[in-house]
Protein chains: 4
Amino acid sequence: MGKPQTRRKDTRQRILDVALELFLERGYDQTSLREIAERLEVTKAALYYHFRTKEDIVDALVGGIGERLDELIAWARAQPTTLETRRELLRRLNEALEEYSPVFQFLQENQAALRGRAGPKTARDRMQALGTLLTDPQSPVLDRVRSLSALFTVYFGTFATSAMEGTPEEKRAALLQVAWEQIDAAHAAHSGK
Amino acid sequence: MGKPQTRRKDTRQRILDVALELFLERGYDQTSLREIAERLEVTKAALYYHFRTKEDIVDALVGGIGERLDELIAWARAQPTTLETRRELLRRLNEALEEYSPVFQFLQENQAALRGRAGPKTARDRMQALGTLLTDPQSPVLDRVRSLSALFTVYFGTFATSAMEGTPEEKRAALLQVAWEQIDAAHAAHSGK
Amino acid sequence: MGKPQTRRKDTRQRILDVALELFLERGYDQTSLREIAERLEVTKAALYYHFRTKEDIVDALVGGIGERLDELIAWARAQPTTLETRRELLRRLNEALEEYSPVFQFLQENQAALRGRAGPKTARDRMQALGTLLTDPQSPVLDRVRSLSALFTVYFGTFATSAMEGTPEEKRAALLQVAWEQIDAAHAAHSGK
Amino acid sequence: MGKPQTRRKDTRQRILDVALELFLERGYDQTSLREIAERLEVTKAALYYHFRTKEDIVDALVGGIGERLDELIAWARAQPTTLETRRELLRRLNEALEEYSPVFQFLQENQAALRGRAGPKTARDRMQALGTLLTDPQSPVLDRVRSLSALFTVYFGTFATSAMEGTPEEKRAALLQVAWEQIDAAHAAHSGK
DNA sequence: CATGAATGAGCCTTCATTCAT
DNA sequence: CATGAATGAAGGCTCATTCAT
């Protein structure tokens, strides 16, 4: 009754939350399981009851996002490669990025630390897949760069605008509009020929 | 007495080369001084003759780039804030990025690992300074995003296009043109008012 | 009410079987309770329902054999110290060894790991007791070695001949005959004087 | 001047000595590197300067003995398979065993703990090779057991007689004589046919 | 210039064990 | 009977760093 000895059911989720928190604060390699355990006020061994290794924590953290993007890619592949599809793809990508924002930031900032693991390898593949879906393969370099630029705008802009003034909706709309202008331009030049 | 004995092409530089190589291959935190020493076929202690700490190696690696960018920022600040200045700023930024390409990649991929160190803190500051120099502070969100997008295009495009087909010159030109279009648009909307 | 429900052939015995199996495969110290539980498809905690500690499992495993040998020793002590008694002692020892063969092998291969535990201390005592029963204390070194050799022949031969060709009966008979020849020789020299 | 800070040259050998000492006292698995380091009054990390892993310590410990036995086996193979050769083989084996007595005891008592390592696999092979060299392959089971028994006598007797009264020379002579009688018997029966 | 030897801190991981349910 | 969750202790190992030579 004195101590909060509640056998919490959601320890697993709490571990993930705190881990992400610390990974963002101090970086993956510099975050030890001891620190995670301490902030949770459990022992290191408790973490190992829920996750077999430190990497497993990362996997659980980034797992959802992978599926989310794969769905997105699958959806885009099933659509006709029209300008409209591409606009919608960027919109959905922005949506996904905002939903998983902290995890994306974690992946972004810890690329090197996670190299060799399962996650990031496919992360790069996914970025590439998205790039391909936004570009016509036979289009000139200039248009391919425009498409790439649109992707960057949505991808990095989602994080970079967080410090910018303005309402989230306003910024989001601006991001999408700019990205759209870029694929519009890529498309126009190419199909107008 | 004039020149150093150049026994093996300057050990200090060889250390930096190998360190960067390994930092890019395996990440900063996952690269131990032992590995660097082994690849160089010297002892760990030898590294300590040339650098006081592991961080000192990073500092030496990213030192030049910092000055380079600071010069760039200083130059831009000394210019009138015209469209032409901004175009030239992007051009020079692209030049700097290509010159220091591997170091930039290292900084990019190891953000989290280097957090808290001297380098990256100012790195973020510099990115921000560049962003500010490309935007008019009182311009609407949409234009600020356009400028940001121009910066991303040059910044990330320099790395991302390395796998793309086309000659380096061609890709470089395309990158700059796309970035220019974006600040042009930002500028036009704003000044046309 | 009479018989236990024998739900799955007596869990306690299954634990012992699997434990012995694993102790032989991987060694006592290298076998964790987790492994035992996993192979049994129960939880670790279930083991603790049946055995208070890991050592208790060992004790249950080697318990029977201890009593068996103690009986053997008690029997031999109650007999006159004749050649015939010694022959019969070796025969019964061989019988016991074959009956408990895997447990003996376990004890044999894990002597060091079990040191300090209850079992093996007395195991050594028993070996010594057997040695004493096969030798006349005042006999010359040579004859004492002969008796020791007879003991080794039965003791280690039981395991060592398992890979040898021939029927078990044949090998067993050979083992005993050789051991007998040795105590015969020890006896003859001594009593013939 | 106060503390014995002498940078001792022979730390590597001291590690091996203390390791063997502790492995014999408490068993391989139950001896931690911390304990070895403490008894040596150095840090654990110092051990790792001299040996890459705990297993490497074992390898260094049992390395010499392997070569010793391989030489012995090679020598025996180069001789004619006469009774005289076999006698001499047993004599030399006894010599080797006494020379490396503690290491043999360590291998003997920690068989299970060392399973899967390099050492013991070949240890078993060597025992078998010695067994083969002492027996004629086509001889009857009884004679093969006699040869095996001779091997046991020398092999285990070397350790088992350490507690027995009598001078070392006396015991050694007795051991060899008993072993010889056994191969003599094996040989006589076989060649007398 | 450079090395061999060593340290102190810390890391990830595993283990035997406990206990409320 | 049995489990899910957790603990405390310890283990093997690696790392950045130091220093006498």
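Keep in mind the model is a prediction, meaning the values are calculated, not measured. Here is the naming used below: chain letters follow the sequence lines, and residue numbers restart at 1 for every chain. Atom set for the values below is all heavy atoms of this structure, side chains included, hydrogens, waters and symmetry mates excluded.
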Check: K44(C) side chain, dT17(E) base, donor-acceptor under 3.5 Å: yes
Less than 4.0 angstrom between a side-chain N/O of [X] and OP1 or OP2 of [N], yes or no?
{"X": "T11(A)", "N": "dA6(F)", "value": "yes"}
{"X": "Y49(A)", "N": "dA5(F)", "value": "yes"}
{"X": "R34(C)", "N": "dC15(E)", "value": "yes"}

With rounding to the closest Å, how many angstrom separate the C1' atoms on dT21(F) and dC1(E)? 13 Å
Return the value, rounded to whole Å, for the distance between atom [atom1] of [X] and atom [atom2] of [N].
{"X": "Y28(D)", "N": "dG11(F)", "atom1": "OH", "atom2": "P", "answer": "13 Å"}
{"X": "F51(A)", "N": "dC12(E)", "atom1": "CZ", "atom2": "C1'", "answer": "16 Å"}
{"X": "Q30(D)", "N": "dA16(E)", "atom1": "CD", "atom2": "P", "answer": "11 Å"}
{"X": "E55(A)", "N": "dT13(E)", "atom1": "CD", "atom2": "C1'", "answer": "13 Å"}
{"X": "L33(A)", "N": "dT7(F)", "atom1": "CG", "atom2": "C1'", "answer": "16 Å"}
{"X": "R14(D)", "N": "dA5(E)", "atom1": "CZ", "atom2": "C1'", "answer": "13 Å"}
{"X": "E35(A)", "N": "dA9(E)", "atom1": "CD", "atom2": "C1'", "answer": "13 Å"}
{"X": "K54(C)", "N": "dT14(E)", "atom1": "NZ", "atom2": "C1'", "answer": "11 Å"}

Residue whose closest nucleotide on DNA chain F lies nearer the 5' end, A45(D) versus H50(C): H50(C)
Toward the 5' end of DNA chain F, which comes first, T43(C) or S32(D), by nearest nucleotide? T43(C)
Are the charged groups of [X] and [Y] less than 4.0 angstrom apart, N to O?
{"X": "R68(C)", "Y": "E99(C)", "value": "yes"}
{"X": "R14(C)", "Y": "E41(C)", "value": "no"}
{"X": "E35(B)", "Y": "R39(B)", "value": "no"}

All heavy atoms of V58(C) vs all of L114(C), minimum pair found to be CG1-CD2, 4.2 Å
Sequence neighbours excluded, which residues qualify as side-chain contact (heavy atoms from CB on, under 4.5 Å) partners of A45(B)?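 So A45(B) forms a side-chain contact (heavy atoms from CB on, under 4.5 Å) with T43(B).
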Anything below 3.5 Å on both distances counts as a pair; with that, list the stems of at least three consecutive Watson-Crick or G-U pairs involving DNA chain E.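 Output for stems: E:2-21 with F:2-21.
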R26(D) CZ to E21(D) CD distance, which is reported to the nearest 0.5 Å: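 Result: 12.5 Å between the selected atoms.
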Ring-face cation contact, Y28(C) with K54(C), 6.0 Å cut, 45° max: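 That pair qualifies as a cation-pi contact.
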Assuming nearest nucleotide by heavy-atom distance, tell me which of T31(C) and L47(D) is located more 5' along DNA chain E.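 Between the two, 5'-proximity favours L47(D).
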